[in-house]
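Notes follow once the structure below has been shown.
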Amino acid sequence: MSEIKPAGKRLLLVAACALVDADRRVLLAQRPEGKQLAGLWEFPGGKVEPGETPEECLVRELHEELGIETEITCLAPLTFASHSYDDFHLLMPLYVCRRFRGIAQPKEGQGLKWVRPRQMRDYPMPPADAPLIQFLIDLL
Ligand code: C5P
């Protein structure tokens, strides 16, 4: 289920993941030109497709967007974010992943940056992502 339509705006389910490396840095991805919110930095992830769980979605998206391999058992749920945009409500579960294989590559032309938790505040983020920074600072 990625979209259901309650009486008002549609609900969009997007799963996001904080990839954490051995130096406790977090990977941020910059939304490319031509996409909504272009230029803003976000936690990697994407829309949950029909029939997928958020965890399955992240395993797929991390592979497609970054060339990273991981497993569902390596994803730990951290919190939920939500934001009401003009035309949809976004619900976004955030996971943390510390065990993965491969080197993150920008498979879709996006900018990538490994940043220390407190440095994340220097990167402009979409409204749903920004409140998640404090959770990661506390966790890491
Ligand atoms: O990444 P994608 O364009 O598929 O995401 C759909 C919508 O979800 C975006 O247009 C954006 O409004 C929202 N989004 C967000 N934060 C993210 C990912 C997506 O606010 N980390």
Side-chain angles (χ1 to χ4, degrees):
M1 175 207 71
S2 63
E3 291 182 19
I4 56 176
K5 282 197 176 178
K9 297 176 189 175
R10 71 196 165 109
L11 180 65
L12 184 64
L13 181 59
V14 169
C17 182
L19 278 175
V20 180
D21 74 2
D23 294 330
R24 291 198 299 168
R25 295 177 308 172
V26 178
L27 186 67
L28 297 182
Q30 191 175 33
R31 295 181 64 83
E33 288 306 316
K35 270 194 153 186
Q36 194 185 4
L37 307 173
L40 297 185
W41 294 84
E42 66 182 15
F43 300 103
K47 291 190 193 94
V48 180
E49 299 290 346
E52 268 186 339
T53 65
E55 293 90 345
E56 289 168 342
C57 165
L58 283 175
V59 170
R60 174 181 56 75
E61 291 277 0
L62 294 177
H63 174 73
E64 289 173 2
E65 291 182 358
L66 302 169
I68 290 286
E69 307 294 335
T70 191
E71 280 103 43
I72 288 172
T73 51
C74 300
L75 296 167
L78 182 60
T79 188
F80 278 87
S82 66
H83 186 76
S84 189
Y85 287 96
D86 286 346
D87 48 346
F88 61 90
H89 289 293
L90 175 73
L91 180 63
M92 192 170 74
L94 178 73
Y95 291 76
V96 174
C97 179
R98 297 171 191 261
R99 284 187 295 142
F100 53 87
R101 295 179 300 280
I103 295 170
Q105 304 156 56
K107 296 279 191 185
E108 298 181 349
Q110 72 277 42
L112 294 179
K113 199 97 177 169
W114 288 98
V115 302
R116 306 214 171 274
R118 286 178 197 284
Q119 287 177 332
M120 287 192 285
R121 295 198 178 107
D122 299 335
Y123 291 81
M125 286 188 167
D129 298 63
L132 301 174
I133 293 174
Q134 191 60 48
F135 279 90
L136 288 165
I137 290 172
D138 293 344
L139 181 81
L140 302 171

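Every number for a ligand or one of its atoms is a count from 1 in the order of the listing.
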Which pairs of N or O atoms, one from ligand 1 and one from the protein, are separated by less than 3.5 Å, and what is the distance for each pair?
residue	atom	partner	partner atom	Å
ligand 1	1 (O)	Arg31	NH1	3.1
ligand 1	3 (O)	Arg31	NH2	2.8
ligand 1	4 (O)	Lys47	NZ	3.2
ligand 1	10 (O)	Gln36	OE1	2.5
ligand 1	12 (O)	Gln36	OE1	3.4
ligand 1	16 (N)	Asp129	OD1	2.8
ligand 1	20 (O)	Tyr85	OH	2.7
ligand 1	21 (N)	Glu42	OE1	3.3
ligand 1	21 (N)	Asp129	OD1	3.2
ligand 1	21 (N)	Asp129	OD2	2.9

SB check Glu52 Lys47 (cutoff 4.0 Å):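 Answer for the salt bridge query: no.
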
For Tyr85, all residues meeting ring-ring contact (aromatic ring centres under 6.0 Å, His included), sequence neighbours excluded: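 Per chain and number, Tyr85 pairs via ring-ring contact (aromatic ring centres under 6.0 Å, His included) with His83, Phe88.
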
Residues which pass ring-ring contact (aromatic ring centres under 6.0 Å, His included) with Tyr123, listed by chain and number, not counting sequence neighbours: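 If we apply the ring-ring contact (aromatic ring centres under 6.0 Å, His included) test to Tyr123, skipping adjacent residues, the hits are Trp41.
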
Which atom of Leu91 lies closest to which atom of Ser82, heavy atoms considered: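 Closest heavy-atom pair between Leu91 and Ser82: CD1-CB, 4.3 Å.
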
Single-linkage hydrophobic cluster Val14~Leu136, side-chain heavy atoms < 4.5 angstrom: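 Linked, Val14 and Leu136 end up in one cluster.
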
Residue pairs fulfilling side-chain hydrogen bond (donor to acceptor under 3.5 Å, both in side chains) with at least one residue in residues 15-25, sequence neighbours excluded: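 Counting only pairs at least two positions apart or across chains, the side-chain hydrogen bond (donor to acceptor under 3.5 Å, both in side chains) contacts touching residues 15-25 are Asp21-Arg25.
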
